[in-house]
S.K.: 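Take this structure, written in structure tokens, and hold onto it; I'll ask about it next.
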Amino acid sequence: MLTGKLLKKVIAFTVTVTLCLSFKAYSSNYKPEIVISKEPSNYDFDGEVLKYRLYWTIFHVADSESKVERIGEGRLKIWGRASTAGIASWFQRISDEGYSIWNEKTLCPERTYIFQKEGDYERNRVYTYDLRRKIVKYEKIHPKKKKVQIKFIKIPFLPFEDIVTATFFFRKYGIFKVGKTTVFPLFAGGRFQNVSFKVVDKRKIDTLFGKIEAYKVIPSNNLSPEGAFKRKGKVVFWFSADERHIPIKVVAEVAIGSVSAVLVKAKGKNFDLEKEMEKKKRENLIEKLMSGEFGGE
């Protein structure tokens with residue numbers, strides 16, 4: 001049975017797989033490592049809108065959306081939101097939203113805002129990254145209590161990503177070749193740690209838009225949601241096998257059932273995935289008709 005507490009874990013996982021990344025382990029002997037592509041994607045993320053539907057077992061429990069927009073020379077705003085939907089909305093309204101301002105020159109976030117609203121509970125977090133002094137200013141804000149907690153954390157290495165920019169960074173700078181692993185520093189939960197993404201396969205998968213060729217990617221074990229949705233097996237990401245590297249689907253085995261995030265809308269400056277796939281279907285049909293594959297003697 002779904003409860004308010006359990007729904008919080010659902011949303012936490014939604015944010016993990018479609019908006020943010022978090023990790024569970026930390027070593028005081030942290031040694032930064034970075035292994036990224038020497039030929040990053042030339043895809044223009046500006047104007048991209050992605051929407052997902054999240055299922056816990058067979059239940060539609062949440063929706064998620066992300067957007068990228070250019071806000072000035074050399075800067076992008078990467079925004080995402082996840083909130084309860086379907087059966088989950090009967091119990092408690094939960095919504096998490098956040099965005100980062102990302103610098104194309106430094107390859108690092110400049111500032112990140114996370115807003116959490118779970119029923120009557122509200123909490124905001126602000127991370128300001130001073131790259132010159134190599135310090136993170138972490139502000140935890142309780143709006144209703146008018147309480148602010150401030151913490152300063154040392155930045156050990158540049159570049160790095162945070163909980164909002166990590167998936168974006170992997171899409172642009174990841175090594176998308178079967179057998180290859182991408183590694184970079186991530187700041188989450190007030191700590192820095194290396195995270196990795198290994199490409200293990202490339203094949204066509206079924207989607208709401210039709211069959212799409214995609215890379216199967218396994219993240220490192222330290223990437224995991226918490227509590228009731230702590231994973232018990234692998235988390236699997238599927239990214240489109242083109243320059244856009246669109247996250248098409250995410251599937252995870254968790255302590256209670258399974259969770260999946262499915263792409264339902266993808267648009268950008270020069271594309272609409274649904275229309276693109278419909279056009280391909282028509283072209284394939286015409287090609288088969290012209291070749292005589294349909295009909296004939």
Side-chain angles (χ1 to χ4, degrees), residues 7 9-24 45 48-68 78-86 88 96 98 161 163-172 174 176 178 181-182 186 188 195-209 211-242 244-266 273:
L7 286 180
K9 303 303 179 182
V10 175
I11 296 303
F13 188 82
T14 308
V15 176
T16 300
V17 299
T18 61
L19 166 61
C20 309
L21 293 172
S22 61
F23 56 74
K24 61 182 179 179
F45 286 83
E48 181 185 79
V49 178
L50 303 178
K51 292 186 178 182
Y52 297 85
R53 188 169 295 160
L54 186 132
Y55 295 90
W56 173 51
T57 61
I58 63 172
F59 300 104
H60 173 209
V61 293
D63 291 319
S64 180
E65 179 179 6
S66 67
K67 294 180 183 179
V68 181
I78 302 168
W79 171 90
R81 177 176 60 199
S83 59
T84 45
D96 284 355
E161 303 310 314
I163 57 177
V164 176
T165 66
T167 301
F168 159 82
F169 183 79
F170 174 64
R171 290 175 62 193
K172 185 168 181 64
F176 284 89
V178 176
T181 301
T182 302
L186 172 72
V195 294
S196 66
F197 296 83
K198 184 174 182 179
V199 178
V200 298
D201 195 8
K202 180 184 180 183
R203 66 172 184 261
K204 288 187 176 181
I205 65 170
D206 291 319
T207 75
L208 295 178
F209 310 94
K211 287 188 177 292
I212 296 179
E213 189 169 38
Y215 290 103
K216 181 181 181 180
V217 178
I218 308 294
S220 50
N221 289 332
N222 58 350
L223 285 171
S224 177
E226 299 177 349
F229 282 81
K230 181 178 180 180
R231 81 190 200 194
K232 63 178 181 181
K234 292 180 179 178
V235 173
V236 178
F237 288 76
W238 292 93
F239 293 89
S240 63
D242 54 32
R244 297 170 297 195
H245 301 142
I246 299 169
I248 297 170
K249 183 170 64 173
V250 187
V251 181
E253 296 177 3
V254 292
I256 302 175
S258 62
V259 176
S260 60
V262 179
L263 182 70
V264 296
K265 178 181 178 180
L273 188 59

S.K.: Less than 4.5 Å apart, any side-chain heavy atom of L273 and any of R244?
M.R.: yes
S.K.: Determine whether V61 and L54 make a side-chain contact, defined as any pair of heavy atoms from C-beta on separated by less than 4.5 Å.
M.R.: yes
S.K.: Just how far is it from atom CG of L208 to atom CZ of R53, taken to the nearest 0.5 Å?
M.R.: 7.5 Å
S.K.: Do Y215 and W238 make a side-chain contact, defined as non-hydrogen atoms from C-beta onward lying under 4.5 Å apart?
M.R.: no
S.K.: Kindly write out the residues that satisfy side-chain hydrogen bond (donor to acceptor under 3.5 Å, both in side chains) with S240, not counting sequence neighbours, or none if the list is empty.
M.R.: D242
S.K.: Can you check whether S196's main-chain N or O pairs, donor with acceptor, with S220's side chain at less than 3.5 Å?
M.R.: yes
S.K.: Could you list the residues that satisfy ring-ring contact (aromatic ring centres under 6.0 Å, His included) with Y55, not counting sequence neighbours?
M.R.: H60
S.K.: Looking at residues at least two apart in the chain, or sitting in another chain, which of them share a ring-ring contact (aromatic ring centres under 6.0 Å, His included) with F209?
M.R.: none
S.K.: Do Y52 and P247 come within less than 4.5 Å of each other through their side chains, counting heavy atoms only?
M.R.: yes
S.K.: What residues form a salt bridge (Lys or Arg N to Asp or Glu O under 4.0 Å) with K211, not counting sequence neighbours?
M.R.: D206
S.K.: Testing the basics here: between I163 and L186, what is the closest heavy-atom pair and its distance to 0.1 Å?
M.R.: N-CD1, 4.2 Å
S.K.: Quick one: list whatever passes side-chain contact (heavy atoms from CB on, under 4.5 Å) with K67, sequence neighbours left out.
M.R.: V49, E65, W79
S.K.: Going by heavy atoms in the side chains, are L50 and K265 under 4.5 Å from each other?
M.R.: no
S.K.: Which pair of heavy atoms, one from E161 and one from A166, lies closest together, and at what distance?
M.R.: CB-CA, 4.0 Å
S.K.: With a 6.0 Å cut-off on the ring centroids, do F176 and F197 count as close?
M.R.: no
S.K.: Just so I know, are the side chains of V235 and V250 near enough to count as touching, which here means a heavy-atom distance under 4.5 Å?
M.R.: yes
S.K.: Just to verify, what does K51 make a side-chain hydrogen bond (donor to acceptor under 3.5 Å, both in side chains) with, not counting sequence neighbours?
M.R.: none
S.K.: Could you state the interatomic distance from CD1 (I246) to CD1 (I212), rounded to the nearest 0.5 Å?
M.R.: 7.5 Å
S.K.: Would you say that V178 contacts V200 through its side chain, given a criterion of any heavy-atom pair below 4.5 Å between the two side chains?
M.R.: no
S.K.: Is there side-chain contact between E213 and R203, with at least one heavy-atom pair below 4.5 Å?
M.R.: no
S.K.: Relative to the ring of F237, is the ring of F239 parallel (under 30°), tilted (30 to 60°) or perpendicular (over 60°)?
M.R.: parallel
